[in-house]
Every structure is written in C-alpha cells, then in structure tokens.
Amino acid sequence: MAQNSTNNRQIFNKPRIEIHLHLDGAIKPETILYFGKKRGIKLPADTVEELMCYIGYDEPLDLTQFLKKFSYYMPAIAGSREAVKQIAYELVESKAKEGIIYFEARYSPHLLANCNVDPIPWNQTPGDLTPDEVVHLVNMGFQEGEKDFKIKARSILCCMRHMPEWSAEVVHLCKKYRNEGVVGIDLAGDESLSTDVHSGHGEAFEEAFQSGIHRTVHAGEVGGPVIVKEAVAVLKAERIGHGYHTIKDPNLYNQLLKLNMHFETCPWSSYLTGACDPDFTKHPIIRFRKDKANFSLNTDDPLIFKSTVDKDYYIVSKYMGFTEEEFERVNINAAKSSFLPDKEKEELLQTLYKAYSIQNNAL
C-alpha cells in the first residue's frame, strides 16, 4: 500500500497535465459543509474531519461501494447555481497549486441539476436548475479560475451507463458549448451494464463522432477487455478511461498499441476501487511503461481518495521505478492526447518542451 504523498512535488517539480478528473469527485469538503449548512441540507457530519470519515477512505473497496460515497455529499451541491459555479472555480485553484497547467475535468450535467432531468438525482426537491445551465455555470467557473490562477481548464460531459435516456442531451450540450470550454464526451458508471449499439449511448457517441466531438470512455477499469473493445469499435473512443484489463487480451492490447490509443491511468484510484492487484509492483501501468504505451497519470476522484496528483506520482516513483524522463513522457502523452483544438494543443506542447528543456518530439 502506498504511503502518504510528500505533498512537495520534489518527485517531479515541473508542469503537469491531468486529463482524467471528475469535477464532482474533486470538491473541497469545506465547500460541501458550507452549502449543506446554507441550504439546510443534512450531512452525515459537521466538521471536515468527521465528514471525510464518511466520504474518504484509505483501503480498497469495490467500485459499487465507491460510487455510494457520492450520495453522502452531492445533495449539498446539486441544484445550487452558486455551488456548481464555486466548485468549478475552486477546482482550478486546487489544480494550479498542484503544478497542473492544463486539465480536463468531467462530470454529468444531469447529476448536478434538479430540473428537466428524470429521475431527479439525490432525492432532491424539484427546482429550476437544468443540465444546460449546469454546463454554463461550470464553464463560467472555469473561465474565472483560468484568469485568476493562470492555468487552462476544459470540461468533458459524461453520459451515465445506467441512464441512456440522458445521452442525447449530453451530446447536444457538447455541441452547444464546444466553443465555451467543453471539449469532449465520456461514458462513465458501472461497466457491468450493457452498452448496446442501438442504445441511447451508441446513438449519442455516433452523433459525437459525426459532429467532430472528441470521445473517451471508462472501460477496462473493473470490466474485462470486451468492454474496451466495445468502447473502441462501437463508441469510437479516442481515449480509454483506465483500461487496465486490456492487457488480458493480447490481440486487443497490441491493436491499441499500434493505434496509439491513450490510456487515462489513475494509480491510487485503481488501488482503492479494487480495479487492480493491490501490489503496485504488479500493476498494469508497469506493462504500459515497458511497452511505451500512450498513457497519462491522473487522480480520478481526489476528494474521495484523499489525494492530490502528488500521491499518484509518488506511487509510480516508489513502486514502479519511474524516472524524470518517464514523467516528462507521460505528461507530453497527455498533452498530445488532450481534446484541445490543434493550435491550443501545439501551444501547450511547446510550453512543456520549454519547461522540460527538450527538443520537439524528443521523447
């Protein structure tokens, strides 16, 4: 099991990129308490320390138990315009402190709304905050954070496996806000649920593909290689969220290596969700590293995992032997695989090349 993060970035004290991060899994506990009190919504605890006993954890649980954690605190945030904008703004601040210069945060607009969504999530009383306005508020929070903290923030909108009825609106919102900070679409949730090509998800991702909307899919985290194959073949994913179990199918894995498919890996997350062997020296990331696969290092849900990106860097440094050159490589991979427009992507890459004192494409 990993030790606590050094929290001082001595392992890799250079600019970083993060592209697998959940907005609703990265909220400050102080903010949850503030809005719970302000809105009169009962929470399981009244202090940060007590609240984190319910939300956070340090030893592996299964993915289903992990997903239940959100129900403890999301009622305090969802349905509030002020809260939605504030959590977006504060995420930019938090990531700037971690040395991140660009991140993509994902979320389900429907899970933060309380109007024009069926069913209304988190047992909320119906209100007037729609999924559309949620996206607008997150965009505003990110844009204000960018100005104040001098880093770049973009968002990915999530379809949820258990709610294919929402997916048509998700892709519509991706298209509507593609010039205001939304850079892609994702499919998240329980991998055990079937994603039929004729379902709302399949139709939404086909429309995203036809419309030039970038696509990533959670697959191969706890599900088998067939879920990854489906993500690529049916949903036309350009990146795979996690993807650890891809290596169980050598043919598929080698095919994705040839395609330069990007794997959004999250080391500490994979330990706590039981996605991988708890022995980090047996982690699939070691295979990715050996094969020079296209992958990045990310936090996933730092609120629940009580972590920052420093913890993930610490883990791969201590247990997987990552060198500074390899840290540079995974961040350049992340920048190249980001969903930014080409011109902005090239600017981001040039910033990294300069900070890393390397020639273009030297890694």
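- Under a cutoff of 6.0 Å and an axis angle of 45°, Lys95 and Phe103 do not form a cation-pi pair.
- Annotation: His136, atom NE2; neighbour count of heavy atoms from other residues, nucleotides and ligands within 6.0 Å does not exceed 12.
- Closest approach of Lys69 and Ile55 over heavy atoms only: CD-O, 3.2 Å.
- Put simply, the side chain of Asn114 gets close to the backbone of Leu129: a donor and an acceptor are under 3.5 Å apart.
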Ser337 and Glu264: side chain to side chain contact (heavy atoms under 4.5 Å, CB included), yes or no, with the steps? CA-CA 10 Å; Ser337 301; Glu264 306 159 353; over 6 Å; no
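- Residue Lys306 qualifies as enclosed at atom NZ: its count of foreign heavy atoms under 6.0 Å is above 12.
- Of the possible donor and acceptor atoms, one in the side chain of Thr308 sits under 3.5 Å from a partner among the backbone N and O of Asp310.
- Within 6.0 Å of CG in Asp342 there are 12 or fewer heavy atoms belonging to other residues, nucleotides or ligands.
- For Arg16 and Tyr313, the positive end sits near the middle of the six-membered ring, less than 6.0 Å away and at most 45° from its axis.
- With rounding to the nearest 0.5 angstrom, the CD1 atom of Ile332 is 11.5 Å from the CG atom of Asn294.
- Taking CD of Glu18 as the reference point, atom CG of Leu297 lies at 9.5 Å (rounded to 0.5 Å).
- Checked against the 6.0 Å centroid threshold, Tyr244 and Phe295 do not count as a close aromatic pair.
- The cluster map of Ile, Leu, Val, Met, Phe, Trp and Tyr, joined by side-chain heavy atoms under 4.5 Å apart, puts Leu257 and Val330 in the same cluster.
- Using a 4.5 Å cut-off on side-chain heavy atoms (C-beta onward), Leu173 and Val182 make no contact.
- The cluster map of Ile, Leu, Val, Met, Phe, Trp and Tyr, joined by side-chain heavy atoms under 4.5 Å apart, puts Phe149 and Ile100 in the same cluster.
- When side chains are defined from C-beta on, His262 does not count as touching Lys336, because their heavy atoms never get closer than 4.5 Å.
- Within 6.0 Å of atom CG in Asp62, more than 12 heavy atoms from other residues, nucleotides or ligands are found, so the atom counts as buried in its surroundings.
- Ion pairing of Glu238 with Arg215 is present here, as a side-chain N (NZ or NE/NH1/NH2) and a carboxylate O approach within less than 4.0 Å.
- At a threshold of 4.5 Å between non-hydrogen side-chain atoms, the residues Val134 and Tyr107 count as touching.
- Nearest heavy-atom pair across Ile286 and Met320 is CG1-CG, 3.7 Å.
- Scanning all heavy atoms of the two residues, the minimum distance from Arg39 to Ala76 falls at NH1-O, 2.9 Å.
- For the residue pair Ala219 and Ala231, the shortest heavy atom distance occurs at CB-CB, 4.1 Å.
- Between the side chain of His218 and the backbone N or O of Leu187 there is at least one donor-acceptor pair closer than 3.5 Å.
- Checked by atom type, the side-chain pair Glu203/Ser167 shows no donor-acceptor distance below 3.5 Å.
- A donor-acceptor pair under 3.5 Å is formed between the side chain of Ser71 and the backbone N or O of Lys68.
- A 4.5 Å side-chain heavy-atom check between Met74 and Leu112 finds at least one atom pair inside the cut-off.
- Taking the side chain as every heavy atom from C-beta outward, Ser155 and Leu23 never approach each other to under 4.5 Å.
- Here Cys276 contributes atom SG and His242 contributes atom NE2; the two are 9.5 Å apart, rounded to the nearest 0.5 Å.
- Going from atom CZ of Arg239 over to atom OG of Ser338 covers 7.0 Å, rounded to the nearest 0.5 Å.
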List the steps, then state whether ring pair (Phe, Tyr, Trp, His ring centres under 6.0 Å) holds for Tyr356 with Phe327. CA-CA 10 Å; Tyr356 298 167; Phe327 282 123; over 10 Å; no
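- Val226 and Met261 fall into different hydrophobic clusters, defined by Ile, Leu, Val, Met, Phe, Trp and Tyr side-chain heavy atoms under 4.5 Å apart, directly or through other members.
- Between Pro119 and Met163, the closest side-chain pair of non-hydrogen atoms falls below 4.5 Å.
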Using the side chain to side chain contact (heavy atoms under 4.5 Å, CB included) rule, take Glu191 and His245 through it: C-alpha gap first, then chi angles, then the decisive distance, then the call. CA-CA 12 Å; Glu191 284 184 61; His245 296 289; over 6 Å; no
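- Side-chain contact check for Trp166 versus Cys159: every heavy-atom pair is 4.5 Å or farther apart.
- Between Tyr73 and Asp24, the side chains place no donor N or O within less than 3.5 Å of an acceptor N or O (distance only, hydrogens not considered).
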Just do the ring pair (Phe, Tyr, Trp, His ring centres under 6.0 Å) check on Phe305 and Phe66 with the steps written out, would you? CA-CA 10 Å; Phe305 301 142; Phe66 155 70; 5.2 Å; yes
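- Residue Phe209 is not grouped with residue Val170 when hydrophobic side chains (ILVMFWY) are merged at heavy-atom distances under 4.5 angstrom, including chains of intermediate members.
- In this structure, Arg289 forms a cation-pi arrangement with Phe322, its terminal cationic atom sitting closer than 6.0 Å to the ring centre and no more than 45° off the ring axis.
- Nearest heavy atoms, Asn116 versus Glu169: O-OE1, 4.2 Å.
- One N or O on the side chain of Asp277 and one on the backbone of Asp279 form a donor-acceptor pair closer than 3.5 Å.
- Using bins of under 30°, 30° to 60° and over 60° for the plane-to-plane angle, the ring pair Tyr314/Tyr319 lands in the perpendicular bin.
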Pair Gln350, Glu346 - check side chain to side chain contact (heavy atoms under 4.5 Å, CB included), show working. CA-CA 6 Å; Gln350 292 303 324; Glu346 184 58 31; 2.6 Å; yes
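- When side chains are defined from C-beta on, Phe339 counts as touching Glu104, because their heavy atoms get closer than 4.5 Å.
- No donor-acceptor pair closer than 3.5 Å links the side chain of Tyr102 to the backbone N or O of Ala335.
- Contact check on Lys152 versus Glu347 returns no salt bridge, with no Lys/Arg side-chain nitrogen under 4.0 Å from an Asp/Glu carboxylate oxygen.
- Summarising the geometry of Val92 relative to Ala153, their closest heavy-atom pair is CG2-CB, 4.1 Å, with the distance given to 0.1 Å.
- Here the side chain of Trp122 pairs a donor or acceptor atom with the backbone of Leu111 at under 3.5 angstrom.
- The distance from the OG atom of Ser270 to the CZ atom of Phe280 is 5.5 Å, given to the nearest 0.5 Å.
- A distance-only check finds no donor-acceptor pair linking the side chain of Trp268 to the backbone of Val309 [under 3.5 Å].
- Without hydrogens or angle criteria, Gln124 side chain to Ala113 main chain gives a donor-acceptor distance under 3.5 Å.
- No donor-acceptor pair under 3.5 Å is formed between the side chain of Glu207 and the backbone N or O of Ala168.
- Using a cutoff of 4.0 Å between basic side-chain nitrogens and carboxylate oxygens, Glu133 and Lys85 are not scored as salt-bridged.
- Under the 4.5 Å side-chain heavy-atom criterion for ILVMFWY residues, a single connected hydrophobic cluster contains both Leu43 and Tyr72.
- Taking CD1 from Ile247 and CZ from Phe263, the interatomic distance works out to 9.5 Å, rounded to the nearest 0.5 Å.
- Considering Asn298, Asp301, Asp300 in turn, Asp300 is the only one that fulfils the side chain to side chain donor-acceptor pair (under 3.5 Å) rule with His20.
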Phe205 and Val234: side chain to side chain contact (heavy atoms under 4.5 Å, CB included), yes or no, with the steps? CA-CA 8 Å; Phe205 274 75; Val234 178; over 6 Å; no
